[in-house]
Number of protein chains: 2
Amino acid sequence: MTARKAQRTARLIDLLSQRRVIHLSEAAALLGVSEMTVRRDIANNQGQIAYLGGHILAAAEIEADIPYELATAADSHAAAKREACVHAVRKIRPDETIFIDCGTTLIHLVDLIPDNYQITAICYAMNVAERLSRKANVTIIMLGGVYHPASASFSGTHDFEILNSVGINAAFLSAAGVDAKRGATCEHFHEAVVKQKVMGLARENYLVIDSSKIGKLKRAFFSAMDGFDAVITEHGEVGADSFQPQA
Amino acid sequence: MTARKAQRTARLIDLLSQRRVIHLSEAAALLGVSEMTVRRDIANNQGQIAYLGGHILAAAEIEADIPYELATAADSHAAAKREACVHAVRKIRPDETIFIDCGTTLIHLVDLIPDNYQITAICYAMNVAERLSRKANVTIIMLGGVYHPASASFSGTHDFEILNSVGINAAFLSAAGVDAKRGATCEHFHEAVVKQKVMGLARENYLVIDSSKIGKLKRAFFSAMDGFDAVITEHGEVGADSFQPQA
DNA sequence: CCTGAATTGTGAGGATTTTAACAACCGCTC
DNA sequence: GAGCGGTTGTTAAAATCCTCACAATTCAGG
């Protein structure tokens, strides 16, 4: 590997850090070499550079595992979650301030926020914040603290101080388990603390879940079922009689 | 848009959440439709699904402009930044608590933290937090607040309360401009507030920049040059005589 | 300056992808 | 069930991309 070769590869990676996607022909022109040479450079650096049908991109984009995907939710039910959020998003009105819980479910809600609504969104999970940051019409308020990898969320005693200074129209909450007798539960106690505080402040509280959660019981309790103004699943709003397993 | 169509699209997005990259022909087989139909589905959902030379991937990977890339730093100097961080990372010792500033420079520092060090890192930028979250040996503390898209950072009056409760061994700071007379400056005033607070608390303060920043002056002042224990560029630690343009 | 190895460029072919037009099909209303 | 708009499948031509072999160039060491 000559110095020229290594330098060209470095320049290419440099380009990718700015552009994410570069077409083979463009890269060849930019680097002042033939397409064939760029091709060979890529083949020699598969760890760092990914190649897909004529387009070059940083290997980090493709490769690897999905950063914040929760291990437990990897099996997903993504279609049901999305459908539940289609129902839930109707609860949002223009110019409101909403709270968005952590987890994979409410990511879909973010995507569904209409672009012509001016929304302020409060969150405490990194994946939610990241998704929110792509919406130009949303002001984001993030609760900081110590990071919990399992749920990609933050927690800290300072959450409350921010929350006390904000008026929340609607809180959209998720749960890992819903049980008719024991209520809504989640995996981590630190999440439960935030959920409870938010539910005490928000004007309306909506639980958004896919129906696979019904009948399950997890470690951390955070609310009885009558604490929610509505429970929304992929079938729309459901009544108290739906929380029995086998219902 | 019929229900069948929407459902098929949802299934496709579902697949992408597990697989990141799927070939057109494979997706067609998996969904039980022709390639042409999958093509058309993708064309109708460019917001969520990206397509590149026969391969389907989640739009998040590619999409739009790079979310957190600072507009002013799009020209990058990524190689110099990386090199500067190679020097800076030597300042970190095992089991320390460090502060990492926002911007594109210190992203490289995160990558360079040795895996056998047990580090607590404080940050207030989403891209830094995201990168930190990939390191299993780093405990992350995030300062929350209102999101500022231009720098992917958060700011709020509550930052200080968290900072007061943490002991910081070393703070790694970035700047958009360094001027011998006027000191270190950045683009946004809200950043300057955080930087100043941190510098007052940390035991050691290091400014990490690529040399293209030298001689530039930006809006928001945050420290005189003698406020830093060292200034680190791609050439290593540099002295006060280096801050003159043309030096 | 010569030589050999490594690197790079070129071009042809075959494979794949893209586009567009048209035909077949579905679900809905009248 | 006839008609209609919207959806899907099929096909062929055009554009693009990939592979491979070979020629040209560069570079280091003698």
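Each chain gets a letter, A, B and so on, in the order its sequence line appears, and its residues count up from 1.
For the pair Glu234(B) (side chain) and Ser211(B) (backbone), a donor-acceptor distance under 3.5 Å is present.
Atom CD in Glu35(B) sits about 11 Å away from atom P in dT10(D), given to the nearest Å. Distance CE (Met36(B)) to P (dG9(D)): 11 Å, rounded to an integer number of Å. One interatomic measurement links the two molecules: CD of Glu26(B) to C1' of dT16(C), which rounds to 16 Å at whole-angstrom precision. Remark: P of dT18(C) and CD1 of Ile56(B) are 10 Å apart, rounded to the nearest angstrom. The interatomic distance linking Arg40(B) (CZ) with dT10(D) (P) rounds to 11 Å, in whole Å. Distance His55(A) NE2 to dT16(D) P: 11 Å, rounded to the nearest Å. Straight-line distance from the CG atom of Leu52(B) to the C1' atom of dC18(D): 16 Å, rounded to whole Å. Leu24(B) has its CG atom 15 Å from the C1' atom of dT16(D), to the nearest Å.
With respect to Lys216(A) and Asp179(A), no salt bridge is recorded, no charged nitrogen being found less than 4.0 Å from a carboxylate O. Electrostatic pairing of Arg40(B) and Glu35(B) does not count as a salt bridge here, judged by no charged N lying under 4.0 Å from a carboxylate O.
If you check dC18(D), dT18(C), dG9(D) against the side chain of Arg39(A), the one that comes closest is dC18(D).
For Ser223(A) and Lys195(A), the side-chain atoms include no donor-acceptor pair closer than 3.5 Å.
Contact between the side-chain N/O atoms of Thr37(B) and the OP1/OP2 oxygens of dT8(D) is not found at any separation under 4.0 Å. Distances shorter than 4.0 Å separate none of the side-chain N or O atoms of Tyr51(B) from OP1 or OP2 on dT17(C). For dT8(D), the OP1/OP2 oxygens have a side-chain nitrogen or oxygen of Arg8(B) closer than 4.0 Å. A sub-4.0 Å separation between OP1 or OP2 of dC17(D) and a side-chain N or O of His23(A) is present.
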